[in-house]
Student: 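Following this message is one structure expressed as structure tokens.
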Amino acid sequence: AQDPHGVRVHFPVEVRFVKESSVWLSPTYNRTVCYIGVIMYRPYHKSVPYKRYWKAYEDIMRTLGGRPHWAKAHKMFYFDLLESYPRFKDFVNMRERCDPRGIFVNEYIRRHILPPPDQIRPPGCCEENEESRMTMETPKL
């Protein structure tokens with residue numbers, strides 16, 4: 001399917017309902033959600049125009065209060081996650097206490113979890129792997 005903005009939607013789209021949990025970085029933290037996972041296949045390892053689709057999807061999910069799954073492709077950074085996850089700051093503090101020398105810090109942690117050195121919202125976004133999935137969970141209506 002294609003919309004007037006040129007976004008090509010791949011199927012399947014995964015939809016499931018998940019009960020709330022007490023895990024700090026779970027999209028289901030303290031709320032039952034409708035999990036929606038969008039997939040962009042790379043047939044025969046060819047490039048596909050996924051960025052516009054994923055941006056449109058994430059924009060919609062953000063307006064609905066969606067939280068990304070921390071291990072999936074998303075374009076939320078420290079300040080976004082701080083606003084979205086009620087216990088995010090607690091997680092950041094716990095991570096710091098458990099790894100004060102940053103031995104386990106990787107690019108993902110540096111890009112999304114750690115506060116930026118200058119405390120300013122990071123401009124632009126990072127390149128995502130085309131084989132990744134983007135998922136966000138929205139509160140069950």
Side-chain angles (χ1 to χ4, degrees), residues 1-100 102-141:
Q2 188 170 354
D3 81 356
H5 304 289
V7 175
R8 292 179 134 347
V9 176
H10 283 218
F11 290 92
V13 172
E14 178 184 17
V15 178
R16 62 188 164 103
F17 294 89
V18 183
K19 291 188 177 195
E20 70 181 67
S21 76
S22 60
V23 177
W24 292 352
L25 288 192
S26 171
T28 63
Y29 178 75
N30 282 350
R31 64 184 191 181
T32 297
V33 300
C34 173
Y35 170 95
I36 302 172
V38 296
I39 300 166
M40 199 67 153
Y41 289 109
R42 284 182 44 192
Y44 308 105
H45 302 285
K46 293 183 179 183
S47 293
V48 292
Y50 66 95
K51 290 180 183 180
R52 192 179 306 171
Y53 175 37
W54 284 5
K55 182 183 181 327
Y57 169 77
E58 186 168 350
D59 289 348
I60 292 167
M61 292 299 109
R62 281 191 189 203
T63 66
L64 298 171
R67 295 177 184 156
H69 184 288
W70 63 270
K72 303 293 185 179
H74 64 85
K75 297 190 180 209
M76 292 179 80
F77 299 95
Y78 176 82
F79 291 105
D80 303 309
L81 297 170
L82 188 61
E83 291 174 19
S84 296
Y85 289 90
R87 300 294 302 269
F88 184 72
K89 188 68 170 177
D90 294 322
F91 172 81
V92 170
N93 291 335
M94 178 70 70
R95 194 218 61 77
E96 176 64 27
R97 284 194 306 273
C98 292
D99 184 22
I103 292 171
F104 297 105
V105 171
N106 59 24
E107 276 306 308
Y108 180 90
I109 299 290
R110 192 172 290 109
R111 183 172 58 236
H112 294 282
I113 305 297
L114 297 180
D118 55 7
Q119 294 293 306
I120 297 173
R121 187 178 296 265
C125 206
C126 308
E127 292 298 314
E128 301 294 348
N129 182 325
E130 293 178 29
E131 294 174 325
S132 296
R133 264 203 264 198
M134 176 175 271
T135 60
M136 273 205 186
E137 288 76 14
T138 57
K140 183 178 175 185
L141 302 176

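Please read all numbers here as calculations on a predicted model, not as lab measurements.
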Student: Can you tell me how far the OG1 atom of Thr32 sits from the CZ atom of Phe17, to the nearest 0.5 Å?
Tutor: 10.5 Å
Student: What distance do Ile60 atom CD1 and Tyr57 atom OH have between them, rounded to the nearest 0.5 Å?
Tutor: 9.5 Å
Student: Hey, what do you get for CE (Met76) to OH (Tyr85), rounding to the nearest 0.5 Å?
Tutor: 7.0 Å
Student: Answer with yes or no whether the side chains of Lys46 and Tyr41 bring together a donor and an acceptor at under 3.5 Å.
Tutor: no
Student: Once you round to the nearest 0.5 Å, how far does CG of Asp99 lie from CD1 of Ile109?
Tutor: 9.0 Å
Student: To the nearest 0.5 Å, how far apart are NZ in Lys75 and NE2 in His112?
Tutor: 9.5 Å
Student: Looking only at heavy atoms, which two atoms of Pro115 and Val92 are closest? And how far apart?
Tutor: CD-CG1, 4.4 Å
Student: Nearest 0.5 angstrom please: Phe88 CZ to Phe91 CZ, how far?
Tutor: 7.0 Å
Student: Look only at the side chain of Asn93 and the backbone of Asp90, and say whether a donor-acceptor pair between them is shorter than 3.5 Å.
Tutor: no
Student: List the atom of Pro27, the atom of Val33, and the distance in Å for their closest heavy-atom pair.
Tutor: O-CG1, 3.7 Å
Student: With side chains defined as the heavy atoms from C-beta onward, is the minimum distance between Phe79 and Pro116 less than 4.5 Å?
Tutor: yes
Student: Start with the C-alpha gap between Arg95 and Leu114, add the side-chain angles, then the distance that decides, and say whether side chain to side chain contact (heavy atoms under 4.5 Å, CB included) holds.
Tutor: CA-CA 9 Å; Arg95 194 218 61 77; Leu114 297 180; 3.5 Å; yes
Student: Should Leu82 and Lys89 be marked as a side chain to side chain contact (heavy atoms under 4.5 Å, CB included) after you check the CA-CA gap, both sets of side-chain angles, and the distance that decides it?
Tutor: CA-CA 6 Å; Leu82 188 61; Lys89 188 68 170 177; 3.9 Å; yes
Student: Looking at Tyr53 and Ile39, what are the two nearest heavy atoms and their distance?
Tutor: CE2-O, 4.0 Å
Student: Closest heavy-atom contact between Asp80 and Arg62?
Tutor: OD1-NH1, 3.8 Å
Student: Quick one: does any side-chain atom of Arg67 pair with a main-chain N or O of Tyr29 as donor and acceptor, under 3.5 Å?
Tutor: yes
